[in-house]
Amino acid sequence: MPEVKKPLLEVKSLTTSFRTDRGLVRAVDNVSFTIDHGQILGIVGESGSGKSMTSQSILRLIGSRKSEQVNGEVLFEGQDLLKLQERQMQKIRGKEISLIAQDPMTSLNPVYTVGNQIAEVPMIHEGFSKKNAWSKAIEMIKRVGIPSAEVRAAQYPHEFSGGMRQRGVIAMALAGNPKLLIADEPTTALDVTIQSQILELILDLRNETGAGIMLITHDLGVVAEICDQVAVMYAGKIVEKASVAELFSNPKHPYTQGLLASLPKLGDKTRLTPIPGQPPNLHHLSSGCAFADRCPFVMDKCRSVQPALKKEQTEHQVACHLVNEEGGDENQ
Ligand code: SF4
């Protein structure tokens with residue numbers, strides 16, 4: 001029997017809760033998805049939808065305090081990261097799984113040169129000598145398109161512009177040749193030219209090393225450009241999951257339809273139609289669909305029964321009574 005290759009990352013029923021002064025909040029609620037080697041999964045949603053909490057839960061950057069709880073399974077090449085000791089997890093972070101955070105200043109230490117911070121990755125994870133690690137840092141700085149790499153390597157983060165800092169963070173993330181790259185809004189606040197250069201770099205990583213990539217964004221335009229699969233999140237849950245081609249040609253969840261309607265179209269000068277209303281307060285979620293107050297198709301059932309993603313639909317999953325009732329019974 002040929003060996004069945006395990007997916008690179010398999011997230012099963014991930015649930016992250018916080019105990020706050022105003023009660024328990026479920027920031028990530030029963031989220032499941034898979035990323036294969038060489039696949040780019042886009043996770044899309046408004047701020048507060050649980051996208052970043054999902055990545056932080058995977059990397060175990062939350063869950064260590066008493067007020068935080070992370071449940072479910074995060075299988076990385078079959079090994080459940082949620083069950084590892086912190087010491088084992090430290091070996092995986094930065095080498096096997098790298099993170100490009102939204103704000104480069106959270107990843108860069110202001111008191112070390114950018115070159116030193118990049119060189120640290122091959123020194124710690126691959127046993128490089130100081131000299132070889134420094135050469136690798138310069139090579140990575142060149143690779144992310146920063147001119148005068150030798151000079152730049154010896155400079156501190158505050159001497160870099162915002163776009164250059166973000167490229168420095170990417171150089172650091174790629175220096176360990178990660179198997180999985182988690183990029184959390186990597187191009188937010190950057191101008192369009194730098195944005196497309198950074199997306200190009202992420203694509204190069206996938207093409208050259210076969211890494212899997214989880215790209216967190218609120219921007220469906222970015223998803224259309226580089227992702228293979230997409231999961232749309234709302235109020236901590238995945239409400240729609242499909243290939244990018246399928247989601248853009250046949251969006252089924254009213255929230256996804258709203259997101260797509262609010263995308264600017266080339267040459268179209270008419271006003272965009274943002275989704276009316278605000279995302280719900282996670283402290284006060286009803287027992288029904290979290291999108292009900294904003295949904296143009298809301299029905300009585302939506303107010304009391306939570307819609308579930310249908311398990312048997314593997315190619316295109318939607319959590320909506322309207323869609324799932326047309327296609328038969330719902331299953332969780
Ligand atoms: Fe709208 Fe109901 Fe579907 Fe929720 S379940 S998205 S309220 S139709």
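Along the sequence shown, residues carry numbers from 1. Order of appearance sets the numbers: ligands from 1, and atoms from 1 within every ligand.
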Exercise. Taking all atoms of both residues into account, what is the closest heavy-atom pair of Gln166 and Ala101, and its distance?
Worked result: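 Distance-wise, the nearest heavy atoms are NE2-O, 3.5 Å.
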For this session: Report the hydrophobic cluster partners of Trp134, with the cluster defined as I, L, V, M, F, W, Y residues connected by side-chain heavy atoms closer than 4.5 angstrom, directly or transitively.
Result: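 Members other than Trp134 - counting any ILVMFWY side chain reachable under 4.5 Å - are Ile138.
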Exercise. Hydrophobic clusters join Ile, Leu, Val, Met, Phe, Trp and Tyr when side-chain heavy atoms are under 4.5 Å apart, directly or via other members; which others share one with Val298?
Worked result: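 Hydrophobic cluster check, Val298: no partners found.
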Exercise. Taking the side chain as C-beta and beyond, is there a heavy-atom pair between Met233 and Val31 under 4.5 Å?
Worked result: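 Yes, at least one pair of side-chain atoms sits under 4.5 Å.
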Problem set entry | Contact check, side chains of Met172 and Leu108, non-hydrogen atoms, under 4.5 Å |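 Sidechains of Leu108 and Met172: in contact.
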Exercise. Taking only residues two or more places apart in sequence, or in another chain, which ones meet Lys241 in a side chain to side chain donor-acceptor pair (under 3.5 Å)?
Worked result: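 Checked Lys241 against side chain to side chain donor-acceptor pair (under 3.5 Å); matches are Gln317.
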Problem set entry | Tally of protein N, O or S atoms, where distance to atom 4 (Fe) of ligand 1 is under 2.8 Å |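 If we list every protein N, O or S atom nearer than 2.8 Å to atom 4 (Fe) of ligand 1, we get 1.
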